[in-house]
**Student:** 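Have a look at this one before I ask anything.
Protein chains get the first letters and strands the later ones, always in sequence-line order, with residue 1 at the start of each.
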There are 2 protein chains.
Amino acid sequence: MATGRSTQNNPNAAASNRRSRGRGIPDATVARLPLYLRALTALSERSVPTVSSEELAAAAGVNSAKLRKDFSYLGSYGTRGVGYDVEYLVYQISRELGLTQDWPVVIVGIGNLGHALANYGGFASRGFRVAALLDADAALSGQLVAGLPVRHTDEMEEIVRSERVSIGVITTPPGAAQQVCDRLVAAGVTSILNFAPTVLNVPDGVDVRKVDLSIELQILAFHEQRKAGDDLDDADQEVPATPSAAVVSEGTELEEAAG
Amino acid sequence: MATGRSTQNNPNAAASNRRSRGRGIPDATVARLPLYLRALTALSERSVPTVSSEELAAAAGVNSAKLRKDFSYLGSYGTRGVGYDVEYLVYQISRELGLTQDWPVVIVGIGNLGHALANYGGFASRGFRVAALLDADAALSGQLVAGLPVRHTDEMEEIVRSERVSIGVITTPPGAAQQVCDRLVAAGVTSILNFAPTVLNVPDGVDVRKVDLSIELQILAFHEQRKAGDDLDDADQEVPATPSAAVVSEGTELEEAAG
DNA sequence: CCATCTTTGTGCACGCGTTCACAAAGACAT
DNA sequence: ATGTCTTTGTGAACGCGTGCACAAAGATGG
Ligand SMILES: NC(=O)c1ccc[n+]([C@@H]2O[C@H](COP(=O)([O-])OP(=O)(O)OC[C@H]3O[C@@H](n4cnc5c(N)ncnc54)[C@H](O)[C@@H]3O)[C@@H](O)[C@H]2O)c1
Ligand SMILES: NC(=O)c1ccc[n+]([C@@H]2O[C@H](COP(=O)([O-])OP(=O)(O)OC[C@H]3O[C@@H](n4cnc5c(N)ncnc54)[C@H](O)[C@@H]3O)[C@@H](O)[C@H]2O)c1
């Protein structure tokens with residue numbers, strides 16, 4: 001059964017292959033490294049030479065024991081009684097995350113969101129470089145966005161290959177996301193950041209992470225509702241038992257091109 | 001360790017009150033409910049009356065046992081031998097997530113990203129309504145964005161109170177995020193969606209979720225690098241002259257030849 | 001060199017989340 | 001009613017992540 005394409009399982013995880021688990025750094029740790037790196041970079045810019053796990057943990061918003069354990073996976077780069085060398089840690093984490101090299105990225109779907117991402121400075125700051133902006137709308141072709149010309153998706157395969165792009169960002173409407181994803185993967189992309197509210201199916205070996213604004217808001221709404229309910233300290237949480245309720249119209253913009 | 005302000009601890013979690021009163025739905029389940037809801041809505045629009053856990057799980061990209069267990073927390077709404085009633089589930093999940101009511105939202109910082117979010121249709125679709133767009137730049141005041149006038153942050157407190165806004169979205173530069181957050185919270189906002197790469201400190205009872213593009217990319221880069229490393233080396237691993245000792249711990253070396 | 005003080009690195013226990021596997025429940029046919 | 005077939009709901013095992021608590025390591029001072 002589950003032999004062809006793997007659907008994204010984990011919370012937001014990539015194709016966490018069980019096999020290549022050499023000195024495997026736990027996923028949870030990997031997800032926090034960028035957080036540490038950001039805090040360390042700020043310290044570095046203030047020329048702070050060393051930092052204790054307690055201080056750094058506070059800056060990153062995590063538990064200090066967790067931070068120390070995280071760092072222990074990278075090897076032991078601290079000095080007892082002193083703390084961690086800021087510059088050295090910045091280097092080690094950058095290296096571990098692969099930020100010491102250049103990562104060409106393509107953004108597909110230059111609408112509202114694609115525009116914003118293209119203009120986002122935080123991209124280039126770390127090793128990420130926007131190799132191309134792609135859109136299926138021919139009317140956009142050639143138009144400059146953040147100094148880069150929008151190119152037609154016809155050129156996708158050529159660009160991915162020639163620029164050695166391994167990371168693709170999808171900001172198309174949901175109905176086009178799977179198709180765009182398939183083309184990116186076929187062209188050689190092996191990591192995808194998906195902003196469309198779509199479950200992407202990809203072959204093994206391809207990592208997908210998704211950013212879903214709508215889900216985040218709904219989770220907040222849940223907690224918000226719970227807080228409100230706790231305040232009132234209700235007693236009636238009974239189910240109305242009205243199956244046919246109209247409920248939220250939702251208006252999903254699905255164009256669902258079927259499988 | 002004072003009990004003053006709580007820094008965001010969990011992966012991306014809100015103030016997860018441990019006292020799971022009444023029916024405590026696990027955080028992991030809550031995070032998946034929107035996923036199910038989306039798949040169910042699509043089915044609903046195609047007038048599909050019932051769906052099995054297997055089908056729905058496939059559509060949502062999760063394990064079917066997990067889905068069944070998730071639903072079991074909501075109560076048992078399935079029929080054995082048949083599956084789940086789509087309309088009924090849509091209603092139950094919407095209700096559980098609090099989407100049957102209206103959630104006014106303010107967006108603070110109407111730059112590139114704020115613009116995109118304001119124009120995002122997916123907002124209004126589910127119970128979320130943009131109550132106001134706020135920016136500190138007076139030059140933007142009055143300007144129409146997505147049909148709404150941008151208003152100055154001076155009006156924040158008044159708007160939050162009069163519109164009963166409980167959810168705030170922060171899309172300001174990182175340097176302003178904490179300050180904006182403080183003002184939102186003081187005005188009465190108890191849930192914050194933060195797009196700025198900043199660790200926000202909030203009082204207990206306030207939920208913060210963050211969306212961090214940069215972190216997502218760095219996580220992808222990590223896996224990308226690992227993939228590249230795995231491809232390159234057949235025999236020896238990549239570890240380049242790490243001075244510290246070998247971190248031998250477990251013995252389960254599952255190295256697949258499979259090359 | 002010894003004493004003291006700071007901070008790391010980690011063993012350990014605990015709780016959450018995931019997944020398997022299966023009995024029970026119900027639909028449906030005869 | 002009875003049997004068969006499908007699918008749910010969940011008990012139980014397991015693995016991962018977290019955080020406490022502490023011994024070891026090293027700095028610093030006398
Ligand atoms: N705007 C937001 O704030 C926001 C927030 C969360 C999620 N999203 C999601 O992000 C995606 C983009 O949102 P948006 O507001 O930018 O939409 P948009 O309509 O403004 O832009 C979509 C762009 O994709 C292009 N496109 C369509 N089909 C394509 C294809 N097959 N190949 C390449 N390009 C194609 C369109 O020409 C358009 O330029 C949507 O899936 C949306 O649900 C957007
Ligand atoms: N653009 C992206 O794609 C992107 C991606 C990831 C993260 N981010 C983050 O999102 C945030 C916004 O990004 P952007 O590209 O839209 O930036 P931007 O500079 O285009 O917009 C920022 C807006 O915030 C306003 N602002 C500044 N200080 C304010 C204050 N104190 N109160 C209210 N408004 C204030 C500014 O006037 C401006 O309009 C940044 O923190 C950025 O790091 C952006």
**Student:** Could you give the CG-to-C1' distance, from B:D85 to D:dT7, as a whole number of Å?
**Tutor:**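 Rounded to whole Å, this separation is 15 Å.
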**Student:** Salt bridge check, B:D27 against B:R32: does any charged N sit closer than 4.0 Å to a carboxylate O?
**Tutor:** no
**Student:** Between A:V82 and B:P26, which is nearer to the 5' end of DNA chain C once each is assigned its nearest nucleotide?
**Tutor:**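 The answer here is A:V82.
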**Student:** Quick test of your reading: applying ring pair (Phe, Tyr, Trp, His ring centres under 6.0 Å), list the pairs with at least one residue in residues 194-215 of chain B, sequence neighbours left out, ordered by first then second residue.
**Tutor:** none
**Student:** Please tabulate, one pair per line, each protein N/O and nucleotide N/O from nucleotides 9-12 of chain D that are separated by under 3.5 Å, including the distance.
**Tutor:**
unit_1: D:dG9; atom_1: OP1; unit_2: B:G78; atom_2: N; d: 3.2
unit_1: D:dG9; atom_1: OP2; unit_2: B:Y84; atom_2: OH; d: 2.6
unit_1: D:dG9; atom_1: O4'; unit_2: B:R80; atom_2: NH2; d: 2.9
unit_1: D:dG9; atom_1: N7; unit_2: B:R68; atom_2: NE; d: 2.8
unit_1: D:dG9; atom_1: O6; unit_2: B:R68; atom_2: NH2; d: 3.1
unit_1: D:dG11; atom_1: O6; unit_2: B:K69; atom_2: NZ; d: 3.2
unit_1: D:dA12; atom_1: N6; unit_2: B:K69; atom_2: NZ; d: 3.0

**Student:** Output the rounded distance in Å from CG (A:D70) to C1' (D:dG19).
**Tutor:**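 To the nearest whole Å, that distance equals 12 Å.
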**Student:** Please list, chain by chain and in numerical order, all residues satisfying side-chain hydrogen bond (donor to acceptor under 3.5 Å, both in side chains) with A:E55, sequence neighbours excluded.
**Tutor:** A:S52
**Student:** Show me the pairs that pass salt bridge (Lys or Arg N to Asp or Glu O under 4.0 Å) and involve residues 74-91 of chain A, at least two apart or across chains.
**Tutor:** none
**Student:** According to side-chain hydrogen bond (donor to acceptor under 3.5 Å, both in side chains), who are the partners of B:Q179, at least two apart in sequence or on a separate chain?
**Tutor:**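 Not a single residue meets the side-chain hydrogen bond (donor to acceptor under 3.5 Å, both in side chains) criterion with B:Q179.
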**Student:** Can you tell me how far C1' of C:dG15 sits from CG of B:D27, to the nearest Å?
**Tutor:** 13 Å
**Student:** Quick one: ring pair (Phe, Tyr, Trp, His ring centres under 6.0 Å) partners of B:Y84, sequence neighbours excluded?
**Tutor:** B:F71
**Student:** Taking the side chain from B:N63 and the backbone from B:L67, do they hold a donor-acceptor pair closer than 3.5 Å?
**Tutor:** no
**Student:** Quick one: list whatever passes side chain to side chain contact (heavy atoms under 4.5 Å, CB included) with A:P26, sequence neighbours left out.
**Tutor:**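 Once residues adjacent in sequence are excluded, the partners of A:P26 under the side chain to side chain contact (heavy atoms under 4.5 Å, CB included) criterion are A:T29, A:Y73.
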**Student:** Could you give the CG-to-P distance, from A:L56 to C:dT6, as a whole number of Å?
**Tutor:** 20 Å
**Student:** Quick one: list whatever passes salt bridge (Lys or Arg N to Asp or Glu O under 4.0 Å) with B:R68, sequence neighbours left out.
**Tutor:** none
**Student:** It should be established whether B:N63 places a side-chain nitrogen or oxygen under 4.0 Å from OP1 or OP2 of nucleotide C:dG17.
**Tutor:**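 No, outside the criterion.
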**Student:** Between residues 48-55 of chain A and DNA chain C, which residues have a heavy-atom gap below 4.0 Å?
**Tutor:**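 By residue number: A:S52, A:S53.
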**Student:** Mind calculating the distance between NZ (A:K66) and P (C:dG11) to the nearest angstrom?
**Tutor:** 19 Å
**Student:** Between the protein and nucleotides 13-15 of chain D, are there any N/O to N/O pairs under 3.5 Å, and if so, what are the atom names and distances?
**Tutor:**
none

**Student:** Suppose we screen for salt bridge (Lys or Arg N to Asp or Glu O under 4.0 Å). Which residues come up paired with A:E224, at least two apart in sequence or across chains?
**Tutor:** A:K227
**Student:** Between atom OH in A:Y73 and atom C1' in C:dG9, what is the gap in whole Å?
**Tutor:** 12 Å
**Student:** Please identify each residue that fulfils side-chain hydrogen bond (donor to acceptor under 3.5 Å, both in side chains) with A:T41, with sequence neighbours left out.
**Tutor:** A:R126
